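Contents: one structure, followed by commentary.
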Amino acid sequence: MRKTVHQDIYISLVMFIISFLLYIQTFKMIEEAALFPRILLLLFGTFGIFILIGGIKKTKALHNGQAETYEGDEEALNLRILKAPITTLIIVGIYVFLMNFIGFFPATILFMASFLAYMKVKSWKGYVFTIGGLNLFVYLVFVIQLNVQLPAGIFFE
């Protein structure tokens, strides 16, 4: 008999790793500014503990021969289910990488266009108004009103 581990254990381990790595990053911040992220990361880790406890119980139930039941539209994780989140994560990663080279606004235009294409938006008006509206909003609120310096990219410095 093959020993199986419930998927919740893997999810909780990923949550612990993310919490730990981001918590370490808070030590590079100003002490007062680091307080809120630390609280959120500890809360995230606490939720990971609850998921781990549930995963251990579900793993024991699987080993005792009980069939796993899912509620609602929940189902076991597989590559088909993870395809959309992984693709989105890759698109966001490319966006963050490009932002350092070409700047915030050009990277945002490329990101929004590629993400809308991935989401199968057909209307060119949807592209124009979404991309233009988002960039206009960010420019007016953050650049003009709040005077925030957005990444210019290495090509435009």
Side-chain angles (χ1 to χ4, degrees), residues 5-55 58 70-157:
V5 177
H6 194 270
Q7 65 196 22
D8 285 356
I9 292 179
Y10 297 118
I11 292 169
S12 65
L13 292 176
V14 169
M15 290 175 72
F16 292 143
I17 291 168
I18 290 170
S19 296
F20 179 72
L21 293 176
L22 291 177
Y23 194 86
I24 290 171
Q25 294 297 316
T26 63
F27 291 108
K28 297 176 184 176
M29 303 170 84
I30 300 169
E31 192 62 34
E32 293 82 19
L35 179 63
F36 186 65
R38 288 179 184 162
I39 292 170
L40 290 180
L41 290 168
L42 289 173
L43 187 63
F44 190 63
T46 304
F47 290 142
I49 291 170
F50 292 132
I51 292 173
L52 179 64
I53 292 169
K58 291 175 185 175
Y70 296 101
E71 300 170 9
D73 57 352
E74 181 184 4
E75 57 184 283
L77 286 179
N78 57 35
L79 195 56
R80 181 185 56 81
I81 292 173
L82 294 175
K83 180 183 171 193
I86 289 172
T87 304
T88 302
L89 182 65
I90 290 169
I91 293 171
V92 170
I94 293 169
Y95 169 59
V96 171
F97 177 76
L98 281 177
M99 193 182 307
N100 294 322
F101 290 103
I102 63 175
F104 177 81
F105 291 107
T108 301
I109 291 169
L110 291 173
F111 166 72
M112 291 299 295
S114 62
F115 192 71
L116 289 171
Y118 173 69
M119 296 305 290
K120 296 181 176 56
V121 174
K122 301 274 191 237
S123 169
W124 66 269
K125 292 176 187 174
Y127 281 79
V128 170
F129 289 121
T130 302
I131 294 169
L134 176 70
N135 281 318
L136 181 65
F137 174 78
V138 169
Y139 181 75
L140 292 176
V141 172
F142 290 96
V143 176
I144 300 296
Q145 198 68 16
L146 298 174
N147 202 22
V148 174
Q149 295 293 320
L150 296 175
I154 62 173
F155 298 128
F156 299 108
E157 289 181 344

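Heads up: numbering here begins at 1 and tracks the sequence. Note that this is a predicted model, so its numbers are computed, not measured.
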Less than 4.5 Å apart, side chain to side chain, heavy atoms only: is that true for L22 and F44?
no
Looking only at heavy atoms, the pair that brings G48 and S12 closest together is O-CB, 3.3 Å
Using 0.5 Å steps for rounding, measure from the OH atom of Y23 to the CG atom of L40.
12.0 Å
Hey, is CZ on F137 packed in by over 12 heavy atoms from elsewhere, all under 6.0 Å?
no
Would you say the ring centroid of F20 lies under 6.0 angstrom from that of F16?
no
Which heavy atom of G55 sits nearest a heavy atom of D8, and at what distance?
CA-CB, 3.7 Å
So, do T130 and L116 sit near enough that their side-chain heavy atoms are less than 4.5 Å apart?
yes
With under 30° as parallel and over 60° as perpendicular, where do the rings of F115 and Y118 fit, or are they tilted in between?
tilted
Here the gap from I9 atom CD1 to L52 atom CG, rounded to the nearest 0.5 Å, amounts to 6.0 Å
Measure the shortest side-chain to side-chain distance between I90 and I86 over non-hydrogen atoms and say whether it is less than 4.5 angstrom.
yes
How long is the gap from OH on Y139 to CG on L150, to the nearest 0.5 Å?
10.5 Å
Examine distances only and state if a side-chain atom of Y10 and a backbone atom of V5 form a donor-acceptor pair shorter than 3.5 Å.
no
At their closest point, which heavy atom of M29 faces which heavy atom of P37, and how far apart are they?
CE-CG, 4.1 Å
Using 0.5 Å steps for rounding, measure from the OG1 atom of T88 to the CE atom of M119.
7.0 Å
Under 6.0 Å from the CG atom of L21, do we count more than 12 heavy atoms belonging to anything else shown?
yes
With the side chain counted from C-beta on, respond yes when F105 and V143 share a heavy-atom pair under 4.5 Å apart, and no when they do not.
yes
Full working for side chain to side chain contact (heavy atoms under 4.5 Å, CB included) between T108 and M112:
CA-CA 6 Å; T108 301; M112 291 299 295; 4.1 Å; yes
Just wondering, do L35 and I39 contact through their side chains at under 4.5 Å, heavy atoms?
yes
Search all heavy atoms of G45 against all heavy atoms of S19 and return the closest pair with its distance.
N-OG, 3.6 Å
Quick check for you: to the nearest 0.5 Å, what is the distance between L89 atom CG and I94 atom CD1?
10.0 Å
Side-chain heavy atoms of Y95 within contact of L110, under 4.5 Å:
no
Point-to-point distance, once rounded to the nearest 0.5 Å, from NZ of K58 to CD1 of I53
12.5 Å
